[in-house]
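Read the structure below first, then the notes.
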Amino acid sequence: MNNVLVRCRGVDKVYKKGSQEIKPLQKLELDIQEGEFLAMMGPSGSGKTTLLNLLAAIDNPSSGQIFFREQEISRLNRRQLSKFRSEHIGYIFQLYHLIPVLTAYENVELPLLIGRYSAKERHKRVQASLEMVGIDDRASHFPRQLSGGQEQRVAIARALVTDPTLIVADEPTGDLDAASAQYILEFLRKLVQEHKKTIVMVTHDLKAANHADRVLHLNKGVFVHHATS
Ligand SMILES: Nc1ncnc2c1ncn2[C@@H]1O[C@H](COP(=O)(O)OP(=O)(O)OP(=O)(O)O)[C@@H](O)[C@H]1O
Ligand SMILES: [Mg+2]
């Protein structure tokens, strides 16, 4: 039987812009199992990225609680959030977010520089991560010298290098051709099956979502039962 990794209870997010209030998430209830591959779909503006950011401890909810195993992460301060992220979270962004002046190797090494890793340990981990996504032959290339699919592999290597518990991916195949997308999706599935990772992936593509164990549909900040996008 699986254990629950993340538990959201009555989670609200409110953004205030002048007199305007935007409520991208409303009273969300969500349990994510350890070792689950969860896909999340929904129209633009439905709150998908907002929710990923809460799950990844990048942001706090306005009200409600989020638990990671037994720890409540919804009330951590910025420093605690940052420590928690560096220990548990790998974030794969839609547009890769690689640093243009750093090589593939240096981009992957970046998350390790805020942790307590020796130079030798960093090298071992970066090399292993690059090999895992099959991009170690491009280690000294800069992002502009890589194809989109290769950039995404580097971004995934960077998300994996700290050996995170939870990987969140925001449309990881959104900008890729069919073959590169297929590679990434199969790779994510392998991470769940062979490396016991937990993944939450946002996607607009039903075929991509079908690689997951479960698909949730978000609309206007609440989960709905039918496809809305
Ligand atoms: N920092 C912010 N300040 C104010 N409003 C925000 C902020 N971030 C997001 N929003 C608003 O919250 C709502 C949800 O945004 P979110 O980025 O979560 O949508 P999404 O489902 O990821 O959409 P997309 O598919 O286009 O990426 C939108 O109406 C957006 O304008
Ligand atoms: Mg988004």
Side-chain angles (χ1 to χ4, degrees), residues 4-33 36-69 71-97 111 152 155-156 158-159 164-175 188 197-206 208-209 212-229:
V4 178
L5 178 66
V6 184
R7 203 184 297 272
C8 297
R9 288 292 174 266
V11 166
D12 282 308
K13 185 73 192 175
V14 183
Y15 290 118
K16 290 200 176 74
K17 272 238 147 87
S19 59
Q20 195 188 5
E21 264 196 0
I22 300 164
K23 297 181 176 168
L25 298 177
Q26 298 180 50
K27 301 258 169 294
L28 273 199
E29 303 281 323
L30 172 64
D31 282 3
I32 302 168
Q33 307 292 324
E36 181 177 26
F37 186 176
L38 175 65
M40 210 152 44
M41 303 188 75
S44 182
S46 57
K48 303 180 299 296
T49 299
T50 304
L51 179 55
L52 279 195
N53 289 344
L54 297 184
L55 299 175
I58 282 178
D59 200 1
N60 287 128
S62 305
S63 60
Q65 293 175 297
I66 302 176
F67 297 93
F68 188 96
R69 294 192 175 129
Q71 184 184 12
E72 186 180 351
I73 59 166
S74 35
R75 297 286 163 261
L76 299 181
N77 64 33
R78 289 185 82 86
R79 252 189 56 183
Q80 293 165 324
L81 283 172
S82 158
K83 181 165 184 291
F84 172 82
R85 280 198 306 273
S86 70
E87 287 171 2
H88 290 293
I89 306 295
Y91 205 126
I92 302 169
F93 300 94
Q94 182 184 0
L95 295 171
Y96 325 131
H97 285 267
Q152 186 60 301
I156 292 175
R158 180 182 56 187
T165 318
L166 173 68
I167 295 159
V168 300
D170 203 349
E171 296 190 51
T173 57
D175 273 22
L188 293 178
K197 299 297 177 198
T198 304
I199 299 181
V200 181
M201 172 180 77
V202 164
T203 181
H204 283 287
D205 176 7
L206 195 56
D213 301 316
R214 179 160 66 120
V215 185
L216 289 177
H217 297 272
L218 203 55
N219 193 18
K220 295 182 182 154
V222 297
F223 289 122
V224 292
H225 290 296
H226 298 290
T228 49
S229 59

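Basis for what follows: all heavy atoms, side chains included, without hydrogens, waters or symmetry-related copies. If you read the sequence from its start, that first residue is 1, and numbering goes on from there.
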Can you tell me if D213 uses its side chain to pair, donor with acceptor, with the backbone of F37 under 3.5 Å? yes

Side-chain contact, heavy-atom cut-off 4.5 Å: P61 with I66? yes

Apply salt bridge (Lys or Arg N to Asp or Glu O under 4.0 Å) to D175 and list each qualifying residue two or more places apart in sequence or on a separate chain. none

Atom CG of L5 and atom NZ of K197: how far apart are they, to the nearest 0.5 Å? 11.0 Å

Anything under 3.5 Å between a donor and an acceptor, one on a side chain of residues 81-90, the other on a protein residue two or more places apart or in another chain? List them.
{"from": "K83", "atom 1": "NZ", "to": "E87", "atom 2": "OE2", "distance (Å)": "3.0"}
{"from": "R85", "atom 1": "NH1", "to": "A57", "atom 2": "O", "distance (Å)": "2.7"}
{"from": "S86", "atom 1": "OG", "to": "K83", "atom 2": "O", "distance (Å)": "2.9"}
{"from": "H88", "atom 1": "ND1", "to": "T165", "atom 2": "OG1", "distance (Å)": "2.9"}

Nearest 0.5 Å please: distance from the OG atom of S74 over to the CZ atom of F67. 6.5 Å

What pairs with A39 under side chain to side chain contact (heavy atoms under 4.5 Å, CB included), at least two apart in sequence or on another chain? M201, A209, A212, V215

Can you list every salt bridge (Lys or Arg N to Asp or Glu O under 4.0 Å) pair that touches residues 37-46, not counting sequence neighbours? none

Applying side-chain hydrogen bond (donor to acceptor under 3.5 Å, both in side chains), can you list everything that pairs with Y91, at least two apart in sequence or on another chain? N53

Could you grab the distance from atom CD1 of I199 to atom CD1 of I92, nearest 0.5 Å is fine? 7.0 Å

Evaluate the criterion side-chain contact (heavy atoms from CB on, under 4.5 Å) for residue pair Y96 and R158; output intermediate values, then yes/no. CA-CA 10 Å; Y96 325 131; R158 180 182 56 187; 5.7 Å; no

With sequence neighbours left out, write down each residue that passes salt bridge (Lys or Arg N to Asp or Glu O under 4.0 Å) with K17, or none if nothing qualifies. none

Under 3.5 Å donor-acceptor, K13 side chain and N60 backbone: yes

Shortest non-hydrogen contact from K23 toward V14: CG-CG2, 4.2 Å

Going by the rule side-chain hydrogen bond (donor to acceptor under 3.5 Å, both in side chains), which residues pair with T50 if we only count those two or more places apart in sequence or in a different chain? none

Distance, nearest 0.5 Å, that separates CG of L54 from SG of C8: 7.5 Å

Can you tell which of L218, T203, L216, N219 makes a side chain to side chain contact (heavy atoms under 4.5 Å, CB included) with M41? T203

Which residue in the set L52, L51, V6 passes side chain to side chain contact (heavy atoms under 4.5 Å, CB included) when paired with V200? L52

Do Q65 and V11 have side chains that get closer than 4.5 Å, going by heavy atoms? no

Please collect all salt bridge (Lys or Arg N to Asp or Glu O under 4.0 Å) contacts where either partner lies in residues 43-52, sequence neighbours excluded, each pair once. none

For residues L76 and Q71, determine if any side-chain heavy atom of one lies less than 4.5 Å from a side-chain heavy atom of the other. yes

The side-chain hydrogen bond (donor to acceptor under 3.5 Å, both in side chains) partners of D205 (sequence neighbours excluded) come to none

Working to the nearest 0.5 angstrom, can you tell me the gap between D170 CG and H97 NE2? 8.5 Å

From D59 CG over to R78 CZ, what is the distance, rounded to the nearest 0.5 angstrom? 8.5 Å

Listed by chain and number, what are the side-chain hydrogen bond (donor to acceptor under 3.5 Å, both in side chains) partners of K27, not counting sequence neighbours? D12

Restricting to side chain to side chain contact (heavy atoms under 4.5 Å, CB included), what partner residues turn up for E29, sequence neighbours left out? R9

